[in-house]
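Worksheet: one structure, shown below.
A, B, ... follow the sequence lines: proteins, then strands. Residue 1 opens every chain. Below, all heavy atoms of this structure are taken into account, side chains as well, without hydrogens, waters or symmetry copies.
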Amino acid sequence: MSIWLGLAGFGIVFFSAVLMVGLSYLRRKTPSVFRDIPAFTRLRQAVGLVVEDGSRLHVSLGRGALTTPQSASALAGLALLRRLADLTSAGDRPPIATSGDATLAILSQDTLQTSAKSSEQAVFDPAAGRLTGLTPFSYAAGAIPAIRDENVSANVLMGNFGVEVALLTDAVERESTFVLAGSDDLTAQAVIYASAPEPLIGEEIYAAGAYVESSPLHSASLTVQDILRWLIIAAILVGALLTLAGVL
Amino acid sequence: MADVLCPKCGESNPAELENCQFCGARLTPLSDSKPVDFQPIKVGVNPVKEGINDFEKVIPARGDPIYPGEAPTRKNTSELEPTLPTWLHSLRKGQDSTEGTSAADTSTDQDLPLSPVPAASPDSSGDLPDWLSGLEKAASSEEEEVPGWLASLRGEKTVTSVPASEPASEPISNAADNLSAIPGDADWVAPLGSEPESAMPEITLQGDQQGEGESPDWLESLKSETAAPATQEKPASPGEGVPDWISALPSSSEENQPASGQAENLPDWLDQLEEKAVDSKPAQTSDEGKTIGPDFPDWLTNFESAPRTPDVTAGESLPDWLSGLEAKTSPESAASAPTFNSELPPSSPAHGEAPDWLSQFQAEVNAAQEQEAKKEQFEVAPPPSAQDITKEKETGMLPDWLAGIEPGTVPTEGTPALIASDESTTPEEKDAAAFLMEMPDWLSKLKPEQGIEDDLEADAETSNLGNIEISELPSWVQAMRPVESVVAGARAAPPDSRVTEQMGPLAGLHGVLPVGPGLGPLRKPPAYTNILQVTDGQQRYVSTFERLISRETQPQAASRTRLASNRLWRWLIAGLLILAITLPLVTGISITQASKLQPPEMINAFTLIGSLPSNAPVLVVFDYEPALSGELEAAAAPLMDHLLLQGPRLTLISTSPTGPVLAERFLHDTDSSPLVASHDYQAGQQYVDLGYLAGGPSGVQYFAISPSEAAPFTLDGQPAWQLPPLQGLQKLSDFDAIIVLTDNADSGRVWIEQTGSTIGNTPMLMVISAQAEPMILPYYNSGQIKGLVTGLAGGEAYGQTFVSPGAQTGLAQRYWNAFSTGTLVAEILIVVGALWNVVNGWRTRRRKSGEGI
Amino acid sequence: MSAISSANLVDLITGGISFLLTLMVLSYLIGDNPAFRVAVYIFIGVSAGYVAVVAWHQVLYPRLIFPLLSGNLADRLLAVVPLVLGLLLLFKLSPRTARLGTPSMAFLVGVGAAVAVGGAVMGTIFPQTSATFRLPSFASMSPELSQLFNSTVLKPNLEKFFEGMVAIVGTVATLVYFHFGAKATAFGPQRGKLVNVLGWVGQVFIAITFGVLFAGVFVAAITALIERLNFIITFLSSL
Amino acid sequence: MNRKSPLSSFIAITSTAIAIASGVLVLAGYFFAQKSDGQASLLADIRLALLGWAITLAGFAIFIGVLNLLQAHFKKIQQKQKGSGYSLLLITFLVATFLFGLASPYFQGGPQYFNDVFSVVQLPVEASLMALLAVTLTYASIRLLRRRLNLLSVIFLVTALLILLGTAPLPFLGVIPGLGDWVRPFITQVMAAAGARGILLGVALGTLTTGLRILFGADRPYGGNK
């Protein structure tokens, strides 16, 4: 039984992989259109303002350890960080990246360094990618000073958070700066929904790549998600009918 | 247009003559110029710069331009000549490249006048089948000259997508070679070949064989042009088209070198390369836009606005084009969406105008009074760019510039838009998007016609765009003039040195263009601008522009002022909550009767615990953060009290680093959990603490498969599985019960899902924080969890169901009153506060609207 | 005697420290202030140190040092790989040498991505999908027509059936809400009618879900507040 | 990123190769964990081994992270930046805790004292931070309608209030009948569960594609060029 389950799982992954590659090539000819997510629009404006007034951008990547399934949200956050770092590369100061997991902190430094190099900025400050704490709350508490003291005018909280995200959104609210927040954790999403002006719900955080970067592969991923989505819906409905009929 | 004025001597000649009968200077190219001229430029990357540097370089090569000081009115047609080289050059390049590859071209030339589309199709089908289809579709839907445009558009598409990946993947020098060795390089032929086809209709309208006659020296001019950048690939040649080309390449090749090597991420680097190569387009259209002398803003606005005509018309007929347009809005930039949408309406009128605007332009060429009309605009035209230059100089707000240009290019262009989704990897693009906010405001000011009136509405701005299309073309024609004088001065210069211009508005061009990877338009440009001769007219516009900037920064301030945080509310909430909680705790009065709720899942847990045999091995998982220890200790205390009363052998484990300590504390700390601590369980005899189980889900799975391997040691580092509490336990299913204390739905799910296959008949109970309930409850309903205690309420209910023999009251009971009062106060606060905020917000909104009226 | 007093003293000191720290943190309610900062930085330092210690005692020692010192050849060989990768990580300490540590991070990222994908498919997509269509089958509901009207069988089943239906609608609608694909129109990207309608229903479900979760978080938070205040009170009363 | 040295491009290539290879292996271990006879397959063993390494490596990374933390705060102190006093505090407590923790197993009652350090410093602070949320969240929900005044926000608040009323008894009244035993369970177990499921499935889809992009080597956060 579990063998079949494994095969099915493999099938899904393989199917989506093929779809992604194929679509990413099609996308080059006919790009796809995606629904408007206002949060990203505002993010662009905020980033623009950051570059203009020489303030700083703060990206917080959460505390999802790489060895856990929660890593994906952090990886999405890293992809976004790279884009934003490029966008603000000409700003007076590079963005700050805070994270609650050591591996993420290292990755954020790599990302910022790469961006700094590609934008030919000689100076790269490793302190720009910080580990602010190794437990969820110490991480959040450690990120608060970054939000308050470093002339940050736009915050992006994207990654695996728990309820501690409320501390961050609250600190941002006190500073009345911009914040775009999203998490893969449901409780965190609920908190964000209530406490952040620009919440990203559910899988929207994974769309950041496509909305901010829009490389063919990213937009292809969204289309793949849509396709799988409808497959799942179909599965649910069929399954429901079958159970009703007593087959399952 | 009966007569043509000779560009050199100004005498008028019969139109059919190709050379001036008086001075022998070439005449005909002029008439071809307009149509072909802006096509390549508007359409794609290279054409734009090719156009530009052709224009710079071919001027010397071609016959004498107007002499400086001659009255424009007399020389009106010859003023237009400067524009020749642009199209002419691209045309020539196209032709000789196609000649270099396929002899079919010449034949197609003859065919073209009869039927443009078939003409294009034969050899297009040869190398570029995909745009052929688009071409045919287009031809069906467009009038006379449009097919050509479409063809070129299609051609452009292939230009960017096909060859791009090639040169980009190799070192710059090779890429440069590719450029210079045009006939040799197939990739190059494709795009270049596509251009002449697009141009054909117009060419054949007026003397095309003449075009062929000239081919040799075009070839060399072409060579010189491409060779120049190839040899000197350095930031100092921005005005160049090709250097840009290359400047774009480093960014791609450099960034991709590591990638290009490896086979695994082929898809990635391939598309990256294409992206990068494509990037060169927005990159340098914008760069020219901001750096090149006065005329360029108009150029760009022209070239951007012009293509709109075919594209939009095509947009109706060709769905994929339309999707191309759409593509801009969502994937590329959410920000560009509004502007794009707002732009569509004006663009459709635009395409209505453009065709006749074209023909009208042809007619205008010789009409003096028309020229006069344009001269006004010419006076107006340069300043915007003057403003820009000064603007770059003072405030590093180039992105606005870009933004100003992008909306023009990006949403309106059909085919490039297809690429645009790739482009957007360039910082520039992003910036443009990021700044689109400000763009409408000042771009609208940039339009000479618009002057300094400011309205922030997008539709107003787009209407401006609409006007530009009609009115601005003349201005760039005019704008050639100063350049003429410059070039006339530097005519003798060799092809390469034409790059470095000494004076005139175009001067400094080359110091300007940022070259190299990541050099976004956000970059503050080098101080080259001081060699600009700024006329007082330009000065006027500079000041104007400063005003614009200052105005433009205002919305920024506005957007900064968000809802100010309200301290008073915080203090009020804090004070009331603390008061409401402290009073019951201090006084200890009971104002709330015990909960009568007996959730079935809690009852199940109760009966299950009660049914455990004594000395039963029980695994207790401590998976909560210290932050929630208060809630979970209160919730779990009654259950654990009940459990310990059965005298089981406990095995403790945790997947959070802090878990083990919390477990120890929970078992022993008399303050935080008197109920449990009273049992005084002894480590090693009655329970074993396996400590921290690293690795999250996989760790749990590992533990589920083989506990003794996954967690071999106790908290204090001694081998655990020989200790009495673990005697005779090998598998997870050997435990009589598994109790998971967690605050986090994820870790709860992990334990349920990862142990599912190995847990056997061992029942799993959970004590969870209230926040995890909705995610965990389904597993109770599905029978994967046998019992559940949720939060303080669950603990209290359990405490009601199971009365500790010592008749001690657990934390839950002690907290219960405070909990009820505290929650009540919070509820009231929320309701009142929310209403207050609604009313307030409504009032402020009404006040605002009142001011607005 | 002295032992007792010393024990009390220890309790007093430890309790006093916790008490002070609690007050310092709660002072954040008034506003950000040095006291809060001090408490937070101490907290960060201690927790980081604590986690590092746990990492040593519970991860590195048993998984790396122990096998290397007292393991058989296979164990040692297996332990060498993470040792090398770990040493490479040390290069990450300086931006100049950081590149050398890249392979280790690449390994972590690769494994992490795989764990994420595997967990998403096997851990969420399959179980959650199958869990959604748990409806009482009509077969079980009415083995015989006579039983169909037997309320003891029918009523709970009908309830279950209704709940199951709501669950299906809710799940599907929520899924649909996230649908990204759209058609560009003059008014920006628009989704199909059906998608919009279902998506709106989904949004309602999302709002309800978040409401429930938010209430849960709030209860947890207020319980923590109660626990803290209770601690303060007990400490003060113990003086 | 690195046009400079062939070394760096070599590193980039090998890194991407490592990432993809390890990822694919682990993934295969997920799906083909069991042989037909139900025994763990070779792939499953490989996966466990790789995961073991990853976990160990993550342990290493914690130390790197701690060292980074120390670096950053040392720098703050050296440059006498604002708040360097706090940094000093942090460093002191970090080092002290760490050394004490390392030494604790080797003297009498050490582990107990170490646990005390935890429950004296970390636990109260974390619990207090959580307690702060009670106020923060109340404030947030009050501001919500000011920020986004729409039907969904209202639904959100009303649901939250209903759940609160159904969870906590009112003084002197107890839980409102019907609310605690019918409305709350229905909302929580049926509606919220359904919504949560939908969101979780969506998140899983996003996770899937994000992970795949990594496995393609398309996204390379590890200092690749993307």
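Between T167(D) atom OG1 and E796(B) atom CD the span is 12.5 Å, to the nearest 0.5 Å. Atom CG of residue L137(D) and atom CD1 of residue I573(B) lie 10.5 Å apart, to the nearest 0.5 angstrom.
Proximity to chain B (any heavy atom under 4.5 Å) is shown, for L165(D), by both the backbone and the side chain. Within the 4.5 angstrom heavy-atom criterion, atoms from both the backbone and the side chain of T658(B) approach chain D. Q701(B) touches chain D through its side chain: at least one heavy atom from C-beta onward sits under 4.5 Å away, while N, CA, C and O do not. When heavy atoms are compared at a cutoff of 4.5 Å, E664(B) approaches chain D solely by way of its side chain, counted from C-beta outward.
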Verdict with supporting geometry, V838(B) and R146(D), side chain to side chain contact (heavy atoms under 4.5 Å, CB included): CA-CA 6 Å; V838(B) 170; R146(D) 183 70 175 278; over 6 Å; no

L662(B)/F118(D) under side chain to side chain contact (heavy atoms under 4.5 Å, CB included): CA gap, chis, key distance, verdict: CA-CA 9 Å; L662(B) 290 170; F118(D) 170 86; 4.0 Å; yes

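Using a 4.5 Å heavy-atom cut-off against chain B, no residue of residues 205-212 of chain D qualifies as contacting. Contacts of residues 51-62 of chain D with chain B at a heavy-atom distance below 4.5 Å involve L51(D), I55(D), listed in sequence order.
Among L829(B), L628(B), I830(B), the residue making the largest number of heavy-atom pairs under 4.5 Å with chain D is I830(B). Here V661(B) is the residue among T844(B), V661(B), I578(B), L577(B) with the most heavy-atom pairs under 4.5 Å with chain D. For chain B, the option among P124(D), A193(D), G195(D), A168(D) with the highest count of heavy-atom pairs below 4.5 Å is A168(D). For the options M130(D), M191(D), R213(D), heavy-atom pairs under 4.5 Å to chain B are most numerous at M130(D). Per-residue counts of heavy-atom pairs under 4.5 Å with chain B were compared for T138(D), I187(D), V154(D), D116(D); the largest is that of T138(D). Ranked by heavy-atom pairs under 4.5 Å with chain B, the list L123(D), N115(D), V190(D), L215(D) is led by L123(D).
Shortest non-hydrogen contact noted between L777(B) and Q189(D) is CD1-CG, 3.2 Å.
In this structure, the side chains of R749(B) and L200(D) come closer than 4.5 Å at one or more pairs of heavy atoms. Residues E773(B) and R184(D) are in side-chain contact: their nearest non-hydrogen atoms beyond the backbone lie under 4.5 Å apart.
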